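The next block holds one structure in the form of structure tokens; read it before the comments.
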Amino acid sequence: MGNDYKQTMNLPQTEFPMRANLASREPEWLKFWDDIDIYRRSLEVNENGPTFILHDGPPYANGHIHMGTAFNKVFKDLIVKYKSMRGYWSPYVPGWDCHGQPIEHQVEKNLGPEKMKEISQAELRTLCREYAMKFVDVQASEFKRLGVRGDFADPYLTLNRSYEAGDVKVFAEMYRRGMIYKGRKPIHWCYRCKTALAEAEIEYGDETSDSIYVKFWLLDPPASFAAAGKAAVLIWTTTPWTLPANVAVTLAADADYVGVAVGGEVLVMAEALVQAVAQATGWESFELVRDAAGEPVRVKGRELQGLHYAQPVHEGVGGVIITGDHVELTTGTGAVHTAPGHGEEDYLVGVKFGLPSPMPVDDRGVFDEGGGPFAGLHVEKANPIIIEWLAERGVLAAAGKTTHSYPHCWRCKKPVIFRATEQWFISMDKTGLRDAALQAIKGVKWVPGWSVNRINSMVTDRPDWCISRQRAWGVPIPVFECVKCGETVADDTTFAAVEKLFATEGADAWFTRKPSEYLPEGVACPRCGGTELRAESDIVDVWFESGVSHTSVLDAREELRRPAELYLEGSDQHRGWFQSSLLTSVGAYDEAPFKTVLTHGFIVDGDGRKMSKSLGNVVSPLDVVSKYGADVIRLWTASADYSQDVSVSDEILERTSEAYRRIRNTFRFLLSNLYDFEPGDVVAWEDMPELDRHALVTLADLVDRVTRSYDDWKFHQVYHAIYGYCGTELSSFYLDVLKDRLYADEADSVSRRSAQTVLAAVLTSLVRLVAPILSFTAEEIWQFMPEALREGIESVHLAGWPTSVGELVAEHAEEAAALRADYVVVLEVRDAVTKALEDARNEKRIGKSQEAKVVIWAAADQSAVLQARDARELADMFIVSDVALRQKLVPTEDGVPVPEKALFVDVLPADGTKCPRCWNFREVGADGLCGRCSSVVQG
RNA sequence: GGGCCCGUAGCUCAGUUGGUUAGAGCGCACGGCUGAUAACCGUGAGGUCGAUGGUUCGAGUCCAUCCGGGCCCA
């Protein structure tokens with residue numbers, strides 16, 4: 001609409017682009033932050049502030065980041081930025097977990113078997129180091145691209161010398177305290193490659209095995225069974241070669257066991273499996289042992305516990321019947337042959353019952369003397385011989401073949417065995433570590449609340465911690481072995497020497513130098529006095545390594561300290577890092593390394609399913625960055641309730657992106673109406689229209705709410721509060737109402753300056769509130785703000801937290817309370833008015849609301865509030881040209897009319913003529929303008 | 001199979017100690033505006049609260065079972 005008056009108005013002006021173009025513009029802000037060294041600066045401004053340390057849990061330096069790592073890092077970043085803006089000294093040192101089997105495995109795969117054979121352990125370690133460092137760099141740049149701020153120039157790496165020295169320090173302290181011991185545990189073992197295998201190095205594949213049923217004669221059978229014949233417990237196994245290591249039979253405690261009478265013998269097994277076993281063994285006739293009443297004799301597994309049987313291989317040796325949770329009643333006989341040296345479950349139940357774990361198979365897979373009659377036999381060839389041997393002795397009930405999934409070595413593709421070997425353990429109970437840890441848990445704040453249950457049950461139930469690994473890429477168990485007698489040599493002197501060695505040369509030296517080169521003179525075996533020592537070849541579990549970051553990082557770095565205020569990781573870390581950090585810290589220092597632990601759920605797709613390549617629902621953070629921008633990932637991170645699993649999908653990101661645009665446009669409107677606002681233009685509270693004072697109250701309330709939500713770690717509430725404020729409070733009400741004043745009133749009028757004063761307050765507050773989340777956009781806004789509003793501060797991230805509005809409103813607390821109450825009513829009426837306007841619009845009686853005049857038949861409870869305001873004020877708030885107030889009285893029985901309870905609104909065409917400048921309907925003068933516009937135009 | 005946890009409109013979230021017709025914003029549909037314009041304003045339609053069965057005068061809100069999903073174990 002061509003309108004000459006347009007130039008006489010104060011229409012919005014700004015260079016701040018409506019379209020964000022985040023993907024291409026964000027890198028410019030990254031450069032800006034680099035240029036001004038924002039990380040150092042953010043520390044400097046809070047040099048004297050209280051300390052807040054969020055200690056970063058190290059992601060594994062392998063591969064690119066995914067949505068989960070992106071979420072976690074952004075989450076941490078917004079907390080650190082918030083605390084920093086609140087005045088806390090909050091250094092953030094990112095870390096990486098660099099050692100471990102996956103990297104070693106990958107390097108070995110890349111190398112191929114030929115080259116692998118040729119290189120030394122030291123060379124392999126060098127390749128692993130290069131591999132890890134490459135991905136540290138990759139991930140660091142990806143994290144930075146997300147806007148994560150921290151000491152990326154000097155992160156902590158578990159392969160650093162100083163870090164490795166910390167491993168020794170913690171190990172030494174726990175060793176001194178008597179928590180670390182040497183024991184045995186079965187592990188996957190490949191006797192061809194003569195090596196231990198990690199779970200990830202196992203490939204499962206179908207294998208045809210022997211399937212045999214064996215009778216273990218009971219030495220002290222229950223009388224009810226024995227009466228019917230010689231009694232045995234019947235077991236089933238697919239690994240006959242493990243029978244020499246048998247020490248027990250495990251039953252299900254609550255299951256019913258019966259005696260099956262076959263050929264004059266009584267075979268005890270689970271009742272539920274009798275039919276299946278009969279089929280497998282081909283019994284032509286059998287019957288259950290019955291009592292006098294003719295009922296089958298049923299005995300619970302737990303009642304049989306403690307009975308003894310004759311070990312099937314070793315003559316004159318007894319085994320014991322125990323019970324365990326792992327016994328299934330779906331296959332076998334419900335009586336499980338138990339050899340703690342040959343299986344994980346067998347081992348665990350063996351530990352529980354204090355059983356020995358004989359291990360008659362050597363590292364080549366050959367039976368030693370422990371194999372009894374089979375000594376010298378290779379396990380690969382043992383099965384048929386053992387089966388025949390059993391048959392000869394009349395204990396083989398049946399033999400067949402079965403196909404099942406079985407573990408294979410990834411290198412030679414051949415079946416592997418479970419074999420107990422010497423390992424290092426941290427004892428949970430010898431020195432009371434478990435109890436101390438449970439005690440320490442109580443002193444930590446766990447968010448959300450269920451988190452404490454989880455850590456508690458894990459610490460309560462976990463077995464001793466096996467901390468040794470038979471690998472190359474890691475930190476060695478820092479002890480020695482006497483070559484002469486095999487005794488472990490480790491004391492203050494050796495630990496100090498090793499710690500120094502690692503601190504100066506790194507753990508690599510362990511593999512290239514002889515102990516005599518770095519141990520002081522005179523170190524000798526405490527048992528035999530031998531002085532020739534061999535360095536332990538096992539390395540330490542990577543969980544132990546990352547767990548000691550409280551020592552290697554928090555203690556070691558000047559800017560940090562232990563305990564940290566906060567650890568923040570996904571819920572899987574209850575078993576992982578939270579626990580390993582807790583146990584090593586309690587073990588070495590008797591206290592938890594953290595004051596608060598925050599846990600978040602996992603990232604899943606829109607249907608709540610985990611992301612996987614096969615489902616095709618994987619969302620890559622790098623793709624999201626290039627499509628939407630890092631700020632949209634950041635906004636998504638903040639918007640989700642992390643106490644449960646967090647969904648991400650195209651739709652969710654699309655919605656988040658729309659929310660982003662809404663927030664961005666709100667800022668754009670604010671900026672565009674402050675182009676001519678100078679510090680001298682500020683209007684005092686007393687001189688403001690009531691609407692503006694109310695807007696300040698609303699803003700102060702928002703700041704308050706948002707601050708509390710940040711403090712309570714409720715970031716999705718921050719998001720909802722800010723988003724809602726932009727849409728509801730500002731866009732659809734306050735800003736909409738303000739347009740007339742901002743555009744049409746005289747530029748320098750008090751009414752317009754008052755509005756701008758409020759807009760400035762909103763802008764400078766809001767930009768700070770969103771800065772921890774929308775780090776890039778907030779910075780962009782900051783740089784577009786009028787000079788004076790920036791107060792000479794270079795970056796929004798150095799600008800501190802908004803406090804002045806809250807103080808101003810607090811000075812007028814009473815009035816503020818009244819305004820809050822009154823505006824509840826005003827806004828109710830406004831809703832009714834807009835609804836009535838919409839009806840009129842649908843009837844084509846009006847177009848824009850300024851064409852209307854509304855008559856409000858106020859309800860009784862609203863009347864007083866409306867009466868207290870003048871009609872023009874109300875008309876402005878409702879964006880109509882005029883308001884008339886009426887109160888409808890209705891007659892009552894006693895003849896005294898009372899006000900009607902309901903509210904009615906009539907919409908009429910506005911009186912007067914449309915002012916061509918401000919589009920309100922008014923009395924117009926000779927120039928055709930309304931009084932206000934006329935005087936503005938004339939100046 | 002075990003431990004911990006989750007399941008309210010298409011999406012993100014609210015729903016106090018169980019109590020009137022379950023809320024908000026966004027999206028969507030329709031309409032308005034064209035002086036926030038790849039914007040802005042308004043109105044409206046969408047849930048019976050994963051399912052079933054209990055406790056209760058009354059349950060999204062307590063109990064049980066089941067279904068679906070997640071993490072960690074086995």
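Quick caveat: nothing in here was measured; it's all calculated off a predicted structure. Residue numbers start from 1 in every chain, and the chains themselves are labelled A, B, ... in the order their sequence lines are given, proteins ahead of strands.
Under 4.0 Å is where a charged nitrogen must lie from a carboxylate oxygen, and between A:Arg922 and A:Asp882 no such pair does. Between A:Lys835 and A:Asp839 there is no salt bridge, since none of the side-chain N atoms of the basic residue sits less than 4.0 Å from a carboxylate O of the acidic one. The pair A:Asp650-A:Lys627 does not meet the salt-bridge criterion, since no charged nitrogen lies less than 4.0 angstrom from a carboxylate oxygen. Under a 4.0 Å N-O distance rule, the pair A:Glu658/A:Arg662 does not qualify as a salt bridge. Under a 4.0 Å N-O distance rule, the pair A:Glu746/A:Arg752 does not qualify as a salt bridge. Salt bridge A:Glu851/A:Arg845: absent, no basic N to carboxylate O contact under 4.0 Å. We find that A:Arg668 and A:Glu15 are not joined by a salt bridge, their nearest charged nitrogen and carboxylate oxygen being 4.0 Å or further apart. Salt bridge annotation for A:Asp736-A:Lys739: present, with a cationic side-chain nitrogen under 4.0 angstrom from a carboxylate oxygen. Taking the charged nitrogens against the carboxylate oxygens, A:Asp254 and A:Lys300 have no contact shorter than 4.0 Å, which rules out a salt bridge.
Within the structure, every side-chain polar atom (N or O) of A:Ser451 is placed at least 4.0 Å from both OP1 and OP2 of B:C4. Put simply, A:Asn453 has no side-chain N or O that comes within less than 4.0 Å of OP1 or OP2 on B:G3. Residue A:Tyr723 places no side-chain N or O under 4.0 Å from the OP1 or OP2 atom of B:A24. Regarding contacts with the backbone of B:G42, every side-chain N or O of A:Lys848 stays at 4.0 angstrom or more from both OP1 and OP2. Residue A:Ser732 places at least one side-chain N or O closer than 4.0 Å to OP1 or OP2 of B:G42. OP1 and OP2 of B:C13 both lie 4.0 Å or more from every side-chain N or O belonging to A:Ser639.
Following rounding to the nearest Å, A:Glu651 (CD) and B:U12 (P) show an atom-to-atom distance of 8 Å. Look at CG on A:Asn665: it is 10 Å from C1' on B:U37, rounded to the nearest Å. As rounded to whole Å, 15 Å separates atom C1' of B:G35 from atom CG of A:Leu735. As rounded to whole Å, 17 Å separates atom P of B:C40 from atom CG of A:Leu738. In this entry the distance linking OH of A:Tyr743 with P of B:C40 reads 12 Å, nearest Å.
Straight-line distance between the P atoms of B:C11 and B:A38: roughly 30 Å, to the nearest whole Å. Comparing the C1' positions of B:G15 and B:G25 gives an interatomic distance of 15 Å, to the nearest angstrom. Of the P atoms belonging to B:C40 and B:C4, the separation is 47 Å, rounded to the nearest Å. With P as the reference atom, B:U61 and B:A9 are 14 Å apart, rounded to whole Å. Distance check on atom P: B:C66 versus B:G3 gives 12 Å, rounded to whole Å. Rounded to the nearest Å, the gap between the C1' atom of B:A59 and that of B:U52 is 15 Å. Between B:U16 and B:C62, the two C1' atoms lie 16 Å apart (nearest whole Å).
For A:Thr14 against B:A36, no side-chain N or O and base N or O form a donor-acceptor pair under 3.5 Å. One donor-acceptor pair, N or O on each side, does fall under 3.5 Å between the base of B:A38 and the side chain of A:Arg19.
In textbook terms, a nucleotide whose glycosidic angle is within 90° of 0 is syn, while B:G32, being further out, is anti.
B:G35 has no stacking from A:Tyr5 on its base ring, since the centres under 5.5 angstrom apart and planes within 30 degrees of parallel are not both found.
When each of A:Leu837 and A:His716 is assigned the nucleotide of RNA chain B with its nearest heavy atom, A:His716 is the one assigned upstream, toward the 5' end. Residue-to-nucleotide proximity on RNA chain B shows that, of A:Gln644 and A:Asp839, the 5′-proximal contact is made by A:Gln644.
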Across nucleotides 44-52 of chain B, 5' to 3', mark each nucleotide with B, S or - according to how protein heavy atoms within less than 4.0 Å reach it. S--------
What does the B/S/- profile of nucleotides 69-74 of chain B look like, 5' to 3', with a 4.0 Å heavy-atom cutoff to protein? SSBSSS
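Of the listed nucleotides (B:C26, B:C11, B:G42), B:C26 has the atom at the smallest distance from the side chain of A:Glu658.
Proximity of A:Met877 to A:Phe733: side-chain heavy atoms (C-beta onward) are separated by under 4.5 Å at one or more points.
In this structure, B:G44 and B:C28 make a Watson-Crick or G-U wobble pair, each of the two defining distances being under 3.5 angstrom.
Between the side chains of A:Asp740 and A:Asn920, at least one donor-acceptor pair of N or O atoms lies under 3.5 Å.
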